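We count ligands from 1, going down the list as the structure has it; atoms in each ligand are counted the same way. All values derive from a computational prediction rather than experimental measurement.
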Amino acid sequence: MNYNNTEEFALGLDADDELNIYRKEFHIPLQKNGEEHIYLCGNSLGLQPKRTKEFLDQELKDWATFGVEGHFNAKNPWMPYHEFLTKSYAKIVGALSSEVVAMNTLTVNLHLMMVSFYRPTKKRYKIIIEGDAFPSDIYAVESQLKYHGLSPDTALIKLRARKGETAIRIEDIAEIIENQGDEIALIMLGGVNYYTGQVFDFKTITKLGHKKGLIVGFDLAHAAGNIKLDLHNWGVDFAVWCSYKYLNSGPGSVAAAFVHEKHHKSELNRFAGWWGHNKEDRFKMPDEFNPINTAEGWQLSNPPILSLCAIRASLSIFDEVGIDTLVSKSKILTDYMLFLLNNIESDRIEIITPDKKGCQISIRVKNGNKRLFDKITEKGVIADWREPDVIRIAPVPLYNSFEDVFKFCKILKEEL
Ligand SMILES: Cc1ncc(COP(=O)(O)O)c(C=O)c1O
């Protein structure tokens with residue numbers, strides 16, 4: 001598409017956008033002067049869908065009306081409540097319904113998956129991760145290594161971009177797998193890197209890993225609801241994601257996990273809890289754990305219904321829109337942002353997000369000068385700053401407009 005650097009052009013794109021009706025479905029935070037913020041932070045915390053309140057009100061009403069009987073008598077019974085999310089999640093990550101489950105929080109799920117899928121032996125014990133992975137992922141992986149009596153210094157392979165580059169090359173990943181594959185037990189990458197916005201080549205990495213007999217898992221915190229995923233067909237072994245970023249379920253809301261069906265019946269180690277026990281006799285209170293033969297078998301506790309309810313509200317929007325439509329708009333919106341950013345002539349900023357991206361763009365600020373970020377914040381932009389030197393912005397196709405993108409770039413240009 002030929003883009004143009006005028007407000008009229010941006011407004012024209014909004015007028016033609018079939019998803020523009022969804023902006024009104026969200027609460028856009030207001031500035032002190034009553035104007036809407038330019039909210040470009042859905043990669044950190046998604047906005048609140050207006051319908052969430054209605055969904056929550058129903059559960060509060062049913063709790064008031066039925067007390068414990070709400071587990072069976074609520075309009076949406078709480079006993080199987082997590083199952084109401086399954087189909088929507090399966091569509092979002094490209095999975096079978098039996099392969100996904102909403103449970104716990106993200107880092108907890110990462111640990112649970114590693115309990116099952118990181119089984120180091122004397123010969124095969126190394127883990128591959130991005131060098132600039134989100135710190136919680138690094139802490140989780142390092143603590144798993146230590147738990148097994150291994151040292152991160154020798155057992156953790158951190159992928160890095162080449163000198164002078166910002167994205168990790170697939171050929172470099174391939175080389176490491178080829179050369180050290182016999183010693184590697186697990187590849188655990190962020191599907192979309194939280195810092196640079198780089199999207200990894202899931203299919204190729206999974207194939208390369210499997211060829212050498214390794215397990216391949218992904219943290220989809222920045223991928224779920226952002227990019228098109230096809231976990232089942234790619235053969236990914238496991239994945240975990242949170243729901244509060246692109247999935248708009250509210251701060252700290254319940255996360256989810258994917259376990260490929262090929263592992264459902266295998267004798268994997270796992271940490272168990274009663275909610276993962278066979279549904280038929282869970283309430284007969286047997287002593288012996290008998291796991292559900294799907295991803296649900298990894299559940300520990302009965303889940304927080306109010307949080308699942310907020311996820312359900314948000315996923316109902318994804319069901320209406322469909323991930324393909326969303327991703328099509330996302331591409332145009334993000335490319336428009338890039339077009340405008342590239343039109344800003346300044347050597348004080350550098351875009352570090354590679355072509356393989358979702359909707360996040362990371363702008364490196366020369367000398368890590370946070371003043372630029374503070375100034376755009378004062379002008380009504382909500383984005384985020386990640387140490388040491390990056391402003392992350394994410395035009396989210398569900399609620400961001402082309403006008404938001406235009407206004408943001410105008411403010412950035414003025415402040416530069
Ligand atoms: C890539 C990634 N991994 C892990 C986390 C930690 O998530 P949680 O606090 O929900 O465990 C985050 C949070 O933003 C993240 O972005």
Fill in: Flag for E296-W298: side-chain donor and acceptor within less than 3.5 Å
no
For ligand 1, list all ligand N or O to protein N or O distances below 3.5 Å, rounded to 0.1 Å.
residue	atom	partner	partner atom	Å
ligand 1	3 (N)	D137	OD1	3.0
ligand 1	3 (N)	D219	OD2	2.8
ligand 1	7 (O)	Y244	OH	3.1
ligand 1	10 (O)	Y244	OH	2.7
ligand 1	11 (O)	T107	N	2.9
ligand 1	11 (O)	T107	OG1	2.5
ligand 1	14 (O)	K245	NZ	2.8
ligand 1	16 (O)	H222	NE2	2.8

Item to complete: For H222 and G197, indicate whether the former's side chain and the latter's backbone hold a donor-acceptor pair under 3.5 Å.
Response: no
Discussion item. Please verify the inter-ring angle class for F134 with Y194; under 30° counts as parallel, over 60° as perpendicular, anything in between as tilted.
Written reply: perpendicular
Worksheet entry | Partner residues of S362 under the side chain to side chain donor-acceptor pair (under 3.5 Å) criterion, sequence neighbours left out | Q360
Discussion item. I'd like to know if the side chain of N109 pairs up with that of N104 as donor and acceptor (distance under 3.5 Å, no hydrogens or angles considered).
Written reply: yes
Worksheet item: Is the F339 ring parallel, tilted or perpendicular to the Y336 ring (thresholds 30°, 60°)?
Response: parallel
